[in-house]
Amino acid sequence: MPAPDPTMDAIGAAVTEGRTGDPASARRELLEIWSATGPTGDPLHRCTLAHYLADLYDDPAQALAWDIRALDAADALTDQRVQHHHATLHVAGFYPSLHLNLADNYRRLGSFTAATAHIDAARAHTPHLPQDAYGAVLCTAIDEVAEAITRRNTGKRASSPGPSTG
């Protein structure tokens with residue numbers, strides 16, 4: 001049984017708040033947790049915070065900054081740490097989503113070479129996805145972003161996470 005983690009609980013509560021219609025409040029709460037965690041804090045906390053903070057920005061440059069932080073934190077994570085939080089997690093399973101988000105941000109910024117590199121990395125990591133609805137959603141999103149890169153489309157995808165207003 002994992003030990004209680006008040007930081008992950010607070011992150012979860014803020015994310016829920018953001019998804020139920022108050023992204024500005026969720027962003028403020030997550031930024032407060034980020035400030036308390038710091039850039040060298042627990043990599044699981046940093047990865048989770050940055051991953052969800054990125055979704056709360058419509059501006060792809062702001063989202064990109066947070067997604068880079070999420071990937072950096074994931075690189076510092078171990079399976080032991082993530083399994084302490086939830087027994088079924090593996091760090092390798094984080095990478096498809098992290099690279100997908102980076103690819104989508106670079107694409108929206110018109111940096112198609114960087115977008116292609118990250119969409120290729122997302123695809124390379126798909127074998128680590130669970131064979132469930134979550135894995136299927138991510139694979140579909142990877143295909144959507146890859147197609148948008150090919151078309152040189154910089155518009156926001158209808159299925160992308162994030163607030164409707166920045």
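This one's a predicted model, so the numbers in the text were calculated from it and none came from an experiment. Below, all heavy atoms of this structure are taken into account, side chains as well, without hydrogens, waters or symmetry copies.
Taking hydrophobic clusters as Ile, Leu, Val, Met, Phe, Trp and Tyr residues chained together by side-chain heavy-atom distances below 4.5 Å, Leu71 does not share a cluster with Leu100. Side-chain heavy atoms closer than 4.5 Å link hydrophobic residues (I, L, V, M, F, W, Y) into clusters, and following such links, possibly through other members, connects Ile119 to Leu129.
Distance alone, capped at 3.5 Å, places no donor-acceptor pair between the Glu17 side chain and the Ala26 backbone. Using a distance-only test at 3.5 Å, with no hydrogens or angles considered, a donor-acceptor pair links the side chain of Asn105 to the main chain of Asn101. Between the side chain of Arg107 and the backbone N or O of Gly155, at least one donor-acceptor pair lies under 3.5 Å. Proximity of a side-chain donor or acceptor of Ser25 to a complementary backbone N or O of Asp22 within less than 3.5 Å is not detected.
Residue Cys47 comes nearest to Ala73 through the heavy atom pair N-CB, 3.4 Å, listed as atom of the first residue, atom of the second, then distance. In this structure, Ala70 and His51 approach most closely via the heavy-atom pair CB-N, 3.7 Å. When all heavy atoms of Pro23 and Leu56 are compared, the closest pair comes out as CB-CD2, 3.9 Å. Across every non-hydrogen atom of Ile33 and Ala10, the tightest pair is CD1-CB, 3.7 Å.
The stretch residues 136-157 participates, sequence neighbours left out, in no ring pair (Phe, Tyr, Trp, His ring centres under 6.0 Å) pair at all. Among pairs with a residue in residues 78-100, those fulfilling salt bridge (charged side-chain N to carboxylate O under 4.0 Å, His left out) read Asp5-Arg81, Asp42-Arg81, at least two apart in sequence or across chains. Judged as a ring pair (Phe, Tyr, Trp, His ring centres under 6.0 Å), not a single pair has a partner in residues 133-152 (not counting sequence neighbours). Residue pairs meeting the side chain to side chain donor-acceptor pair (under 3.5 Å) criterion with at least one partner in residues 91-100, sequence neighbours excluded, are Asp75-Tyr95, His99-His118.
Every residue meeting the side chain to side chain contact (heavy atoms under 4.5 Å, CB included) condition with Leu31, not counting sequence neighbours, appears here in chain and number order: Arg27, Leu53, Tyr57, Trp66.
In this structure, Arg152 forms a cation-pi arrangement with Phe112, its terminal cationic atom sitting closer than 6.0 Å to the ring centre and no more than 45° off the ring axis.
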Original post:
Going through the distances and angles, do Thr113 and Tyr106 end up as a side chain to side chain contact (heavy atoms under 4.5 Å, CB included)?
Top reply: CA-CA 8 Å; Thr113 301; Tyr106 281 120; over 6 Å; no
Subject >> Pair Phe94-His128, side chain to side chain contact (heavy atoms under 4.5 Å, CB included): steps then yes or no >> reply: CA-CA 8 Å; Phe94 290 22; His128 302 291; over 6 Å; no
All N/O donor-acceptor pairs, side-chain side in residues 137-147, below 3.5 Å, sequence neighbours left out:
from, atom 1, to, atom 2, distance (Å)
Thr140, OG1, Ala136, O, 3.0
Asp143, OD1, Arg123, NH2, 3.2
Glu144, OE1, Arg157, NH1, 2.9
Glu144, OE1, Ser159, OG, 2.6

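Rounded to the nearest 0.5 angstrom, His85 NE2 and Gln80 CD are separated by 15.0 Å. Put simply, CH2 on Trp34 and NE2 on His45 are 12.0 Å apart, with the number rounded to the nearest 0.5 Å.
Using a 4.0 Å cut-off between charged side-chain N and carboxylate O, Asp72 and Arg69 make no salt bridge.
Contact annotation: the side chain of Asp67 never approaches that of Leu98 to less than 4.5 Å [non-hydrogen atoms, C-beta and beyond]. For the pair Thr78 and Val91, the minimum side-chain heavy-atom distance is 4.5 Å or more. Side-chain contact check for Thr48 versus Tyr52: some heavy-atom pair is nearer than 4.5 Å. In this structure the side chain of Leu64 reaches within 4.5 angstrom of the side chain of Leu109, judged on heavy atoms.
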